[in-house]
J.: 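Sharing a structure, written as C-alpha cells. Questions coming.
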Amino acid sequence: MTAISFDNALGIHPDALRVRSQRSEILANNIANADTPNFKARDLDFKGLLKGEYEKRDRMALDRTHSNHIPAEAITTDSALKYRIPTQPAIDGNTVETDIEQAQYARNALEFQSSFTFLNSKFKGLSKALRSE
C-alpha cells in the first residue's frame, strides 16, 4: 500500500487559498482607505507569487534532519506587494479607485471560493478512498 501525498493530491490549491486570503486583506485595506489623502493602493502579483512559489516548492524545500522538526512555510507576500497605477488619480494623492478595488475584491472572493470548493471535493474523495467506498 502506498502513502497518500497531500502535495500531489491537493496541488497548488492550499497555497492559492493562503495567498487569496492575504490578497483580500490588502484589497479591503485599499477600500477602507479610499478617502485617506496620499494613500497608495496596493495589490499582489498573485500569478507571479504563486507561480514562483509553486516552482520552488520541490527544489527549495528545506531538509529536515529529524522527524520532529517543523517544516518551513515558503510563501511570503512582501516581495509580491506592488503599488497599483491609477487610471484617474485623486487631487489629494490617493490612488484608490473604489470601483476597481471592489471588482478585484469580488473576483478574488469568487476565485477563493472556487479553490475552496475544489479542495473540499478532493478531501471528500480522499475520505471515500480511505474508507474503501
Side-chain angles (χ1 to χ4, degrees):
M1 182 172 187
T2 60
I4 295 174
S5 166
F6 283 110
D7 285 340
N8 289 340
L10 303 178
I12 201 167
H13 291 280
D15 293 334
L17 285 178
R18 189 176 316 111
V19 174
R20 291 211 182 279
S21 177
Q22 292 170 343
R23 184 172 185 232
S24 70
E25 290 177 22
I26 293 164
L27 294 172
N29 186 48
N30 289 347
I31 294 168
N33 285 289
D35 294 326
T36 304
N38 295 314
F39 181 83
K40 306 300 181 210
R42 299 184 307 174
D43 199 357
L44 286 177
D45 176 13
F46 178 80
K47 289 180 184 176
L49 176 68
L50 203 57
K51 184 175 187 272
E53 294 300 333
Y54 189 66
E55 289 172 352
K56 289 190 289 185
R57 177 186 285 177
D58 296 319
R59 292 182 285 130
M60 297 298 284
L62 298 176
D63 288 335
R64 294 187 294 166
T65 57
H66 192 275
S67 61
N68 290 339
H69 290 169
I70 299 171
E73 289 291 322
I75 292 187
T76 59
T77 58
D78 293 341
S79 63
L81 200 54
K82 308 289 184 207
Y83 288 102
R84 191 183 303 280
I85 299 171
T87 55
Q88 296 179 352
I91 294 172
D92 66 1
N94 186 306
T95 64
V96 175
E97 296 174 294
T98 308
D99 307 5
I100 291 172
E101 298 300 328
Q102 289 174 339
Q104 290 296 319
Y105 188 87
R107 181 178 180 166
N108 188 63
L110 179 66
E111 290 169 347
F112 179 93
Q113 186 61 41
S114 297
S115 285
F116 187 78
T117 301
F118 177 82
L119 281 175
N120 190 30
S121 68
K122 280 290 195 177
F123 278 117
K124 285 181 182 177
L126 289 171
S127 293
K128 286 182 181 180
L130 291 172
R131 290 192 307 258
S132 300
E133 291 182 7

J.: With clusters built from Ile, Leu, Val, Met, Phe, Trp and Tyr whose side-chain heavy atoms come within less than 4.5 Å, directly or transitively, what are the remaining members of the cluster of Tyr83, listed by chain and number?
T.: none

J.: Could I get the full list of side chain to side chain donor-acceptor pair (under 3.5 Å) partners for Thr95, not counting sequence neighbours?
T.: none

J.: How would you list, by chain and number, every residue that makes a side-chain contact (heavy atoms from CB on, under 4.5 Å) with Asp35, sequence neighbours excluded?
T.: none

J.: Any chance you could measure Leu110, atom CG, to Ser114, atom OG, to the nearest 0.5 Å?
T.: 5.0 Å

J.: Taking only residues two or more places apart in sequence, or in another chain, which ones meet Ala34 in a side-chain contact (heavy atoms from CB on, under 4.5 Å)?
T.: Val96, Thr98

J.: Hey, what else clusters with Ile100 if you join Ile, Leu, Val, Met, Phe, Trp, Tyr whenever side-chain heavy atoms sit under 4.5 Å?
T.: none

J.: Holding to side-chain contact (heavy atoms from CB on, under 4.5 Å), I want the full list of residues that pass it with Asp92, two or more places apart in sequence or in another chain.
T.: Pro37, Ala90, Asn94

J.: For a quick test of reading the model, state the closest non-hydrogen atom pair linking Ile26 to Arg42 and the distance between them.
T.: CG2-O, 3.4 Å

J.: Test of understanding: with salt bridge (Lys or Arg N to Asp or Glu O under 4.0 Å), list the residues that count as partners of Arg107, not counting sequence neighbours.
T.: Glu111

J.: Side chains of Lys82 and Asp43: does their closest heavy-atom pair fall under 4.5 Å?
T.: no

J.: Mind checking salt bridge (Lys or Arg N to Asp or Glu O under 4.0 Å) for Glu101 and listing every partner two or more places apart, or none if nothing turns up?
T.: Arg84

J.: Suppose we screen for side chain to side chain donor-acceptor pair (under 3.5 Å). Which residues come up paired with Thr36, at least two apart in sequence or across chains?
T.: Asn33

J.: Taking side-chain contact (heavy atoms from CB on, under 4.5 Å) as the test, write out the residues that go with Ser24, two or more places apart.
T.: Tyr105, Asn108

J.: Are any of the side-chain heavy atoms of Leu17 and Phe118 separated by less than 4.5 Å?
T.: no

J.: Can you tell me how far the CZ atom of Arg23 sits from the CG atom of Leu44, to the nearest 0.5 Å?
T.: 7.0 Å

J.: Just jot down the side chain to side chain donor-acceptor pair (under 3.5 Å) partners of Thr87, sequence neighbours excluded, or say none.
T.: Glu97

